[in-house]
Amino acid sequence: MAGPLRVEHDVEVARWLQASLSDTFSVATSVPPIFDAYARILHPATLMTPTGTTDAWGNPEHASREITWAEAAELIGDRVGERQPWTAWLDRFGEVREGHFVTGHVLPDGSSIEAPDGGDIAPSLLAALTELLLDEHGDAEVLAAVWEGRELDVGGSQVFLAWPEGGKPSRAERKRALRAAQAEHDAAFAAAIDPEVTRAMRAQHVLGLPEEGQGRGHVLLRGRLSSFADPSWVERAGLGWRAEWPHSGRTPNAVWPVEPHGAPAWCIATDLDLDITLVGGSGHLIGRILGHPTIEAERTRPDDPLV
């Protein structure tokens with residue numbers, strides 16, 4: 001790969017991880033129950049504040065910033081929606097609907113709170129966690145498991161076009177424009193994925209986590225932990241990141257040191273459907289994560305539910 005990681009085609013080197021995971025929808029479904037202590041890191045939510053301006057389509061524009069769950073709780077107050085068991089955020093703050101549409105929590109001043117991103121750990125959050133791990137355990141060769149689905153599956157991406165009122169072209173022109181836009185998008189999408197990653201997926205050199213046959217095959221990447229300390233690593237990783245789409249691309253769904261085999265000092269895991277990242281490690285490491293000034297985390301245990 002052109003970036004800091006390279007594809008590991010021999011998935012047997014990570015088979016121990018698959019064999020260690022539980023199927024009980026507990027913390028041990030994502031992180032092996034072999035560590036002294038565990039924490040779950042809460043992915044930041046987003047506060048959208050109206051700017052008083054509109055875009056070219058007449059839609060209100062918003063300024064956005066990340067907020068912690070603690071800050072969200074203060075802002076939401078008693079406006080909790082219908083609690084759902086699907087994610088940690090929905091279990092805590094509920095799902096808010098407007099008719100048939102799911103919306104964020106709307107505040108009295110017109111601001112709204114959007115739920116955290118799920119399925120990936122943000123590069124900035126991974127960088128903060130990496131700096132702590134480097135200080136605690138030093139640099140190490142690591143394996144990273146990256147889901148082969150969203151942002152790596154070119155066939156799953158579809159383009160939609162819209163035209164302003166009064167400027168709508170004919171049906172034939174719309175079809176031509178859509179075909180051209182789809183082709184351009186597919187080419188840019190494919191160019192953002194390292195060919196070696198694509199070859200691994202096509203050859204099914206992927207590891208099912210927590211087990212095979214669930215549509216959760218993961219490409220394995222090998223590199224140094226220190227690679228993740230700079231959030232810009234994603235720009236060179238060949239994992240679907242594109243400059244025109246700031247939040248595109250994938251980040252690791254699991255990372256752990258290669259040595260000692262089957263008994264790493266720590267493990268990080270982000271479930272495909274959840275808005276938290278789990279970490280297992282020593283009691284001292286977990287204590288530092290819980291006390292970190294920029295990481296919002298809670299203590300958990302292997303037999304605690306994932307949500």
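Worth knowing before you read on, the calculation uses all heavy atoms, side chains too, and leaves out hydrogens, waters and symmetry mates.
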> ring pair (Phe, Tyr, Trp, His ring centres under 6.0 Å) between W266 and F35: does it pass, once the steps are laid out?
Replying inline: CA-CA 7 Å; W266 51 266; F35 299 102; 8.9 Å; no
Taking all atoms of both residues into account, what is the closest heavy-atom pair of [X] and [Y], and its distance?
X    : Y    : result
R40  : A88  : NH1-CB, 3.8 Å
P257 : P264 : CD-CB, 3.5 Å
F228 : A144 : CZ-CB, 4.3 Å
A269 : V31  : CB-CG2, 3.7 Å
H292 : A128 : NE2-O, 4.3 Å
T51  : A63  : CG2-N, 3.5 Å

> Would you call the rings of W89 and F93 parallel, tilted or perpendicular if under 30° counts as parallel and over 60° as perpendicular?
Replying inline: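 Tilted.
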I'd like to know if the side chain of [X] reaches the main chain of [Y], judged simply by a donor and an acceptor atom lying under 3.5 Å from each other, with no hydrogens or angles considered.
X    : Y    : answer
W256 : V142 : no
R83  : R92  : yes
D36  : G283 : no
R250 : G240 : no
E296 : A70  : yes
H9   : H205 : no
N253 : G119 : yes
E95  : L90  : no

Taking the basic N atoms (NZ, or NE/NH1/NH2) and the acidic carboxylate oxygens, is any pair closer than 4.0 Å for [X] and [Y]?
X    : Y    : result
R288 : E131 : no
E212 : R15  : yes
R216 : D271 : yes

>> Pairing donors with acceptors under 3.5 angstrom, does anything connect the side chains of T53 and E61?
In response: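 There is such a pair between these side chains.
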Kindly indicate whether the side chain of [X], heavy atoms from C-beta on, has any atom under 4.5 Å from the side chain of [Y].
X    : Y    : result
E141 : R222 : yes
E148 : Q204 : yes
S227 : R236 : no
D10  : L220 : no
L129 : I289 : yes
T251 : P123 : yes
P50  : S111 : yes
R79  : V106 : no

Linked, directly or transitively: [X] and [Y] (ILVMFWY side chains, under 4.5 Å):
X    : Y    : value
I268 : V27  : no
V11  : W147 : no
L278 : I286 : no
Y38  : I41  : no
L5   : V219 : yes

Rounded distance [0.5 Å steps], [atom1] in [X] versus [atom2] in [Y]:
X    : Y    : atom1 : atom2 : value
L290 : L285 : CG    : CG    : 9.5 Å
L143 : L17  : CG    : CG    : 9.5 Å
L225 : T130 : CG    : OG1   : 5.0 Å
T87  : D273 : OG1   : CG    : 9.5 Å
L47  : S64  : CG    : OG    : 8.5 Å
E8   : E196 : CD    : CD    : 11.0 Å

Within a reach of under 6.0 Å around [atom1] of [X], are more than 12 heavy atoms found that belong to other residues, nucleotides or ligands?
X    : atom1 : value
R301 : CZ    : no
E12  : CD    : yes
W86  : CH2   : no

> After noting the C-alpha distance and the side-chain angles of E298 and D304, does the key distance pass the side-chain contact (heavy atoms from CB on, under 4.5 Å) rule?
Replying inline: CA-CA 12 Å; E298 302 170 339; D304 285 341; over 6 Å; no
>> Between E211 and L21, is the side-chain contact (heavy atoms from CB on, under 4.5 Å) condition met? List the steps.
In response: CA-CA 8 Å; E211 58 187 48; L21 297 177; over 6 Å; no
>> Working note: H43 + D120, criterion side-chain contact (heavy atoms from CB on, under 4.5 Å); need CA distance, chi angles, decisive distance, verdict.
In response: CA-CA 9 Å; H43 296 180; D120 294 278; over 6 Å; no
>> Assess the residue pair V234 and L239 against the criterion (side-chain contact (heavy atoms from CB on, under 4.5 Å)); give the C-alpha distance rounded to whole Å, side-chain angles, the decisive distance to 0.1 Å, and a yes or no.
In response: CA-CA 7 Å; V234 296; L239 295 176; over 6 Å; no
